[in-house]
Participant: 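My questions all concern the structure below.
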Amino acid sequence: MAERCAVIGVGQTHHTSCRADVSIAGLVREAVDRALVSAHMTMADIDAIVIGKAPDMLEGVMMPELWLVDALAAAGKPVFRVHTAGSVGGSTAIVAAQHVMSGVHKRVLTVGFEKQSDGNAMWALSVPMPFGMPVHAGAGGYFSPIIRSYIKRSGAPAHIGCMVAVKDRTNACKNPYAHLHEPDWTLEKAMASPMLWDPVRMVETCPSSDGAMALVLASEDVADAHTGPKAWVHATAMRSEPTAFAGRNQVSPKASEDCAADLWRKAGITSPIDEIDAVEMYVPFAWFEPMWLESLGFAPKDQGWRYVEDGVTEMTGRLPVNCSGGVLSSNPIGASGMLRFGEAAMQVMGIAGEHQVDSVRKAFGHAYGGGSQFFAMWVVGANKP
Amino acid sequence: MRDVAIIASAQAINAATTTATPVEMLIPVVNQVLENAGIARADIGFWCHGSCDYMTGQPFSFVSAVDALGAWPPIIESHVEADGAFALYEAWIKIQTGEVDTALVFGNGRSSSGDINRILTLQLDPYVVGPLWPDDRSIAALQARACLESGVVTERAMAEVAMRNHHNAISNPYALRRGDHTIDELMAAARVADPLRELDCPAHADGVTAVIIAAGDRARSLAKRPAWIRGIDHRIESQNLGNRSMTTLPSAAAAAHKAGVGSDKIDVAELHAPYTHQELLLTSALGLGESTSINPSGGALCANPMMSAGLARFAEAAARIMNGSADRTLGHASSGPWMQQNLVCVLEGE
């Protein structure tokens, strides 16, 4: 029933702590222009635009897509805004793909962005509300008890988070767009990194970034006619569950497990670790890599940390995870999910440069948000689904 | 394209202020729309929510809304930072992919959390326009003045729009403002932002709307007379106030064309036009004539719960089909200064 859809254009900004040289509009346009060049298109070729970003209060502009119309040359076109918390970059790519898979549009531009330097995320995430539970902890304080719970139940040794951090920061040095280029990390040095939210050390924490990611999604006829690299969308899936209730498994939420199972079924994948060649996973705190490996079905329960320890998720390993450096090396929040989806597509398209894995046939993009409760995932492949 | 129809709706009674949290506002309306459709939670394929953090004054304000849905086991769900009518558009797209057959969409907003006229200023260019703090009424007044000076509207026509909507709202139990007024009385009222008078401006409200849509035979089995979506499209125009027509709405005209508004007579149109002069501009942009009944609900002038008001127009337009009083209706939602973004939907009975 659904039409086929392919990624034919990918473009991102150099992510950094403060892009003082551009406005929000300029930042978004930079990623969009690069995506259009890679799709061999201009703005005039685009039928519809789907925009995603995390809370508007991070920059202080309410529904900024309204103001960004000129920057996107969108006057006269449909502009659609998605916001699903941290998963938004992934959800936005999925909604954009569905604009094509529905048969409604043929050439859809999608962009996710955040300009964290224009505001103060810690403030914006901690506005006290009447009758609501004040968090005042930021994301690290929120997730650290969940990580402690994982360590306790799996018996993982204390150095696993640092191993992930060293891997991702090392991979990021191969990605010219990554925010952090820190080639000197060793496990020993990482273990001495300051403790921020026990057991999360500073090196195990994502940075605050300005950045944007854009994709051009095309229908089958348009993608067939495109002479450049392309990545076909094999399957997409989304799931949500409430933030808190008694008995909720916050280490491996059912919404995560259900979403992954649905995705693998739709993509015709029976053994993810054997059939997926590259993974771009949403890991804002290092320990989430082993946690998601288990939740998504790449590793058996309580064994994810062993995969990290054995080097399975290294760029040269059996299941390369976050060769781009991941969220741990660049976190423009509203773009971070789309970076995972786009970097997965880049691996399939063979355009990932120095962080390219050899002969990727299928890649997995992943994002999550809220209190580990919103999930968005896709599988892209070199062949038509 | 798959045939998709609105098969049920529910609204909260619009209030000037409420002390309820968003979740407390949502639960009764979500329950009501499920009951109206005669469908169980487990039979909803997709859920989509429209709201805006700046309305609540809280980042991630939509996150708690999931608590109102009974999202266990986990559900397929998404959120738009926009009116619930855009959530309906996303759900319509989702049904077109064949992935699901039913969707529950909802929009909610609490305009009373702050000064809505000033909050809307934050939608403007943050570097060169927003810092001047023109509020929503003042911006609308500039447009109304330009329309009057150019002769595309008259003060009497604006008063007639106010009179008709407030009269129509008498029979709408969800409206916030209603009543019979004479033209003379309306035209003698004090101006609040020259040339606008109080009843030329929207009645900002706290409200919730929920709608269920379903595909094909599923819709036929759930409703006696589903309101079929025959065309739906949205378009946007530049926000640059200095580089925009103040007297026409090209994005509304383009969306109406794409949605097929002009291919037959529209019996009833429910328009999300916050200000009286905007209803006149919009009626003209959509090509609606004398034979179309405009806003039998009283429209946004009589209750404008931001992020829910557009979806409420869809619910009202669908209700006319479902109760057999109309055969072809139009639902409309708008967003941004000077109705910068317009979503148009044509509904028909079988």
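Naming convention: chains lettered A, B, ... in sequence-line order (proteins, then strands); numbering from 1 in each chain. Just so it is clear, the model here is predicted, and its values are computed rather than measured.
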Participant: Any idea which of B:F86, B:F46, B:F62, B:Y89 has the most non-hydrogen atom pairs under 4.5 angstrom with chain A?
Facilitator: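 With the most close heavy-atom pairs to chain A, the winner is B:F62.
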Participant: Looking at B:G70, B:S238, B:G50, which makes the most heavy-atom pairs under 4.5 Å with chain A?
Facilitator: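 Max contact count across the listed options: B:S238.
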Participant: Using heavy-atom distances under 4.5 Å, tell me whether A:D56 contacts chain B through its side chain, its backbone, both, or neither.
Facilitator: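 It is both, since atoms from each part get that close.
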Participant: Work out which heavy atom in B:C52 is nearest to a heavy atom in A:M62; give both atom names and the distance.
Facilitator: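 Here B:C52 and A:M62 meet closest at SG-CE, 3.6 Å.
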Participant: Look at atom NZ of A:K266 and say whether more than 12 heavy atoms of other residues, nucleotides or ligands are closer to it than 6.0 Å.
Facilitator: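 Enclosed: over 12 neighbouring heavy atoms sit under 6.0 Å from NZ of A:K266.
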Participant: Against chain B, work out which of A:G103, A:A74, A:S91, A:G60 has the most heavy-atom pairs shorter than 4.5 Å and name it.
Facilitator: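 Highest number of heavy-atom pairs under 4.5 Å: A:G60.
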Participant: How many angstroms lie between CD1 in B:I75 and CE in A:M238, if you round to the nearest 0.5 Å?
Facilitator: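 Reported to 0.5 Å precision, the distance equals 10.0 Å.
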Participant: Do you know which of A:S240, A:P55, A:P242, A:C259 has the most heavy-atom pairs with chain B at a distance under 4.5 angstrom?
Facilitator: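 The option with the most such pairs is A:S240.
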Participant: Below 4.5 Å from any heavy atom of chain A, which atoms of B:I119 appear? Answer side chain, backbone, both or neither.
Facilitator: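 For B:I119, backbone and side chain are both near chain A.
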Participant: Please classify the contact between A:P64 and chain B as side chain, backbone, both or neither, with a heavy-atom cut-off of under 4.5 Å.
Facilitator: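 For A:P64, no heavy atom lies under 4.5 Å from chain B.
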Participant: Rounded to the nearest 0.5 Å, how far apart are CZ of A:R239 and CD1 of B:I76?
Facilitator: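 With rounding to 0.5 Å, CZ (A:R239) is 4.0 Å from CD1 (B:I76).
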Participant: Could you check whether any side-chain N or O of B:R235 sits under 3.5 Å from a backbone N or O of A:G76, counting only pairs where one atom can act as donor and the other as acceptor?
Facilitator: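 It does hold such a pair.
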Participant: Chain B: which of A:V95, A:D258, A:I94 shares the most heavy-atom pairs with it under 4.5 Å?
Facilitator: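 Among the listed options, the one with the most contacts to chain B is A:V95.
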Participant: Identify which of B:S78, B:S51, B:A87 forms the greatest number of heavy-atom pairs closer than 4.5 Å to chain A.
Facilitator: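 It is B:S78.
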Participant: Could you check B:E77 against A:T84 for side chain to side chain contact (heavy atoms under 4.5 Å, CB included), going step by step and ending with a plain yes or no?
Facilitator: CA-CA 9 Å; B:E77 183 261 353; A:T84 64; 5.9 Å; no
Participant: Side chain, backbone, both or neither: which part of A:F374 has a heavy atom under 4.5 Å from chain B?
Facilitator: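 Side chain only.
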Participant: Of the backbone (N, CA, C, O) and the side chain (C-beta and beyond), which part of A:I24 lies under 4.5 Å from a heavy atom of chain B, both, or neither?
Facilitator: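 Interface part for A:I24: both.
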Participant: Tell me, out of B:F60, B:W92, B:W47, who's got the most heavy-atom pairs with chain A below 4.5 Å.
Facilitator: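 Going by pairs under 4.5 Å, I would pick B:F60.
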Participant: In terms of ring plane angle, is the pair A:H83 and B:H79 parallel, tilted or perpendicular, where the classes change at 30° and 60°?
Facilitator: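 Aromatic pair A:H83/B:H79 classed perpendicular.
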Participant: Tell me, with the steps shown, if B:Q341 and A:E65 meet side chain to side chain donor-acceptor pair (under 3.5 Å).
Facilitator: CA-CA 11 Å; B:Q341 188 178 28; A:E65 60 281 1; over 6 Å; no
Participant: To the nearest 0.5 Å, what is the distance between CD1 on B:I93 and CD on A:Q98?
Facilitator: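 Separation between the atoms: 8.0 Å.
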Participant: Can you tell me how far CG of A:D70 sits from CZ of B:R244, rounded to the nearest 0.5 angstrom?
Facilitator: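 Here the interatomic distance stands at 10.0 Å.
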Participant: For A:M63 versus B:A82, what's the shortest heavy-atom pair and its separation?
Facilitator: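 Looking at all heavy atoms of both residues, the closest pair is CE-CA, 4.1 Å.
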Participant: Pick from A:V82, A:V100, A:T243: which one has the most heavy-atom pairs with chain B under 4.5 Å?
Facilitator: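 Top option by heavy-atom pairs under 4.5 Å: A:V82.
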Participant: Of the backbone (N, CA, C, O) and the side chain (C-beta and beyond), which part of B:L120 lies under 4.5 Å from a heavy atom of chain A, both, or neither?
Facilitator: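 Both parts, backbone and side chain.
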Participant: Examine distances only and state if a side-chain atom of B:Q340 and a backbone atom of A:L66 form a donor-acceptor pair shorter than 3.5 Å.
Facilitator: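 Yes; judged by distance alone, with no hydrogens or angles, the pair exists.
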Participant: For A:E59, which atoms come within 4.5 Å of any heavy atom of chain B: side chain, backbone, both, or neither?
Facilitator: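 When you check distances to chain B, no heavy atom of A:E59 falls under 4.5 Å.
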Participant: Counting heavy-atom pairs under 4.5 Å to chain A, which of B:S251, B:G336, B:P126 comes out on top?
Facilitator: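 Winner by heavy-atom pair count: B:P126.
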